[in-house]
There are 2 protein chains.
Amino acid sequence: MDEFKTAVLALIESDESELNQLVSFCKTKNFKKNEVLSQPGKVPQEVFFIVKGILRVVVTDAKGVDHTIHFASENQFVADYSSFMLQQPGMYTLQALEPMEVVSMSRQAIDWGYQFMRQGDKFGRKVAEFYFLYQDNRVKNYYSRSPLERYELMETIFPQIHQRVPQHMIASYLGITPVHLSRLRKEH
Amino acid sequence: MDEFKTAVLALIESDESELNQLVSFCKTKNFKKNEVLSQPGKVPQEVFFIVKGILRVVVTDAKGVDHTIHFASENQFVADYSSFMLQQPGMYTLQALEPMEVVSMSRQAIDWGYQFMRQGDKFGRKVAEFYFLYQDNRVKNYYSRSPLERYELMETIFPQIHQRVPQHMIASYLGITPVHLSRLRKEH
DNA sequence: CTAAAGTCTAAACAAATGTTATCGTGCTGA
DNA sequence: TCAGCACGATAACATTTGTTTAGACTTTAG
């Protein structure tokens with residue numbers, strides 16, 4: 001749990017007593033490669049903090065086709081967060097792409113944090129702001145860069161991504177077909 | 001300022017004294033149609049709350065082409081928020097599409113709110129969460145819906161948009177050319 | 001009131017991207 | 001260990017989307 005505590009302290013001020021109480025609502029979980037951490041249809045009851053490993057977030061469209069919309073790895077918080085907030089059935093599949101170790105923050109943990117931690121709301125604000133920055137940057141790049149430029153940016157957004165994730169999932173993230181990405185790479 | 005106070009109270013609990021202090025850091029501003037509220041290159045120093053009117057957010061790419069990435073109208077908070085948070089030079093142009101009346105929350109106002117309002121961080125969290133929900137939904141729709149479906153969804157995301165905004169800006173928001181949108185509409 | 005600018009549609013053509021199929025390679029699980 | 005499977009490249013072809021140009025109509029500014 002040390003990495004988890006460190007990540008919390010990077011966002012807000014706290015102390016051992018508060019952190020230990022928070023941790024008492026949390027649980028370490030392990031997943032095998034390809035295992036599913038969260039699936040659509042069920043109301044998500046936890047937010048994950050990744051200690052080790054990498055996962056992808058997938059949305060399945062009306063025709064049953066999967067689209068990779070996000071990657072997350074070490075020291076990041078990740079969840080089907082919209083559905084978690086709204087307490088609605090999930091929309092996304094979270095799938096491990098490597099063996100993973102995560103800290104699961106239950107809804108209880110988060111509610112308790114907002115209510116009783118001195119900077120609970122600030123923690124929520126920081127996490128929400130982080131993801132807003134990520135999404136905003138992504139939207140900006142979508143409008144102002146070509147697919148090839150967006151491909152080349154991926155390494156800066158997700159370090160090591162090319163070493164850890166198959167190319168067809170990157171193509172899916174970019175919104176293009178694997179065949180097309182292969183072509184673009186060839187043409188430089 | 002009544003609409004502004006109401007909007008704050010819809011997100012957090014406060015009182016007359018707090019709200020009046022917050023408002024003392026704010027200012028009502030008016031803009032004519034096509035006037036610019038915020039431009040790239042300058043560090044944004046304010047967040048706007050829209051009392052009346054509608055605006056668009058524009059990003060200009062390396063070739064000088066404009067892309068409409070967002071619309072905002074009555075009772076919404078809007079800014080070049082990433083740059084505002086990071087205190088970096090802005091990336092977006094905010095342009096009035098109608099005569100507008102807005103409340104300008106200065107950086108002072110927001111810093112003061114985070115520091116001294118009882119639920120200041122919660123306010124920031126709620127605003128960030130709202131925009132996260134919006135962006136997340138948008139990304140999901142981008143991956144799982146066709147341009148035509150996304151066009152048809154716009155009325156639910158931005159009510160009255162078709163009555164208030166020229167079609168070529170909607171095409172730009174959808175990431176397609178005006179000619180192509182016209183074609184899609186024709187084919188039903 | 002009127003000229004200029006903005007807006008939408010349309011058509012013909014060009015470019016970008018998707019689809020399907022095949023092949024070679026390396027990994028992997030029974 | 002080896003048969004199957006996942007992965008990536010490639011080619012041929014199909015479809016979608018962009019570009020350019022033109023014309024009719026509407027709005028706007030002087």
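Naming convention: chains lettered A, B, ... in sequence-line order (proteins, then strands); numbering from 1 in each chain. Both backbone and side-chain heavy atoms feed into the values below; hydrogens, waters and symmetry mates do not.
- Using cut-offs of 30° and 60° on the angle between ring planes, the pair B:Tyr173 and B:Phe158 is perpendicular.
- Listed by first then second residue, pairs satisfying salt bridge (charged side-chain N to carboxylate O under 4.0 Å, His left out) with a partner in residues 24-43 of chain B read B:Lys29-B:Glu46, not counting sequence neighbours.
- Checking C:dG18, C:dC8, D:dG8 against every side-chain atom of A:Thr177, the shortest atom distance belongs to C:dG18.
- Geometrically, B:Arg185 does not engage B:Tyr151 in a cation-pi contact defined by less than 6.0 Å to the ring centre and at most 45° from the axis.
- A ring pair (Phe, Tyr, Trp, His ring centres under 6.0 Å) check over residues 8-48 of chain B, counting only residues at least two apart or in different chains, returns the pairs B:Phe25-B:Trp112.
- C:dT19 atom C1' lies 15 Å from atom CD1 of A:Ile176, rounded to whole Å.
- Across the protein-nucleic acid pair, B:Glu149 atom CD and D:dT16 atom P stand 14 Å apart, rounded to whole Å.
- Applying the side-chain contact (heavy atoms from CB on, under 4.5 Å) test to B:Leu19 and every residue at least two apart in sequence or in another chain returns B:Lys5, B:Val8, B:Leu9, B:Ser14.
- Counted within 6.0 Å of CD on B:Glu13, heavy atoms from surrounding residues, nucleotides or ligands total 12 or fewer; the atom is thus considered open.
- Within the 3.5 Å criterion, the main-chain N or O of A:Ser146 finds a donor-acceptor partner in the side chain of A:Glu149.
- Between the P atom of C:dT7 and the CD1 atom of B:Ile170 lies a distance of 12 Å, rounded to the nearest Å.
- Partners of A:Val51 according to the side-chain contact (heavy atoms from CB on, under 4.5 Å) rule, which considers only residues two or more places apart in sequence or in another chain, are A:Glu3, A:Phe49, A:Glu101, A:Val103.
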Base-contact (B) and sugar-phosphate-only (S) positions in nucleotides 9-14 of chain C, heavy-atom cut-off under 4.0 Å, - elsewhere: SBBB--

Detail all sub-3.5 Å separations between protein N/O atoms and N/O atoms belonging to nucleotides 28-30 of chain D.
none

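- Distance, A:Gln95 CD to D:dA6 P: 13 Å, rounded to whole Å.
- Residues A:Tyr114 and A:Phe123 keep their aromatic ring centres 6.0 Å or farther apart.
- Remark: A:Arg118 pairs with A:Asp15, A:Glu18 by the salt bridge (charged side-chain N to carboxylate O under 4.0 Å, His left out) rule, at least two apart or across chains.
- For the helix from C:dC1-D:dG30 to C:dA30-D:dT1, the end axes, each set by the C1' atoms of five terminal pairs, are bent relative to each other by 60° (nearest 10°).
- Judged by the 6.0 Å and 45° rule, A:Arg150 forms no cation-pi pair with A:Tyr142.
- For the pair B:Met169 CE and C:dC8 C1', the interatomic distance rounds to 14 Å; values are reported in whole Å.
- We find that NE2 of A:His180 is positioned 17 Å from P of D:dG8, with the value rounded to whole Å.
- By the salt bridge (charged side-chain N to carboxylate O under 4.0 Å, His left out) test, B:Arg183 is found to be paired with no residue, residues two or more places apart in sequence or in another chain being considered.
- Remark: B:Arg164 pairs with B:Glu74, B:Glu98 by the salt bridge (charged side-chain N to carboxylate O under 4.0 Å, His left out) rule, at least two apart or across chains.
- Listed by chain and residue number, nothing satisfies the salt bridge (charged side-chain N to carboxylate O under 4.0 Å, His left out) test with A:Glu152 (two or more places apart in sequence, or in another chain).
- Contacts between residues 52-72 of chain A and DNA chain D, defined by a heavy-atom separation below 4.0 Å, involve no residue at all.
- Among D:dG18, D:dT17, C:dC8, the nucleotide with an atom closest to any side-chain atom of B:Pro147 is D:dT17.
- Note: CD (B:Glu98) to C1' (D:dT27) measures 15 Å, nearest angstrom.
- Between the CG atom of B:Leu184 and the P atom of D:dT15 there is a distance of 17 Å, rounded to whole Å.
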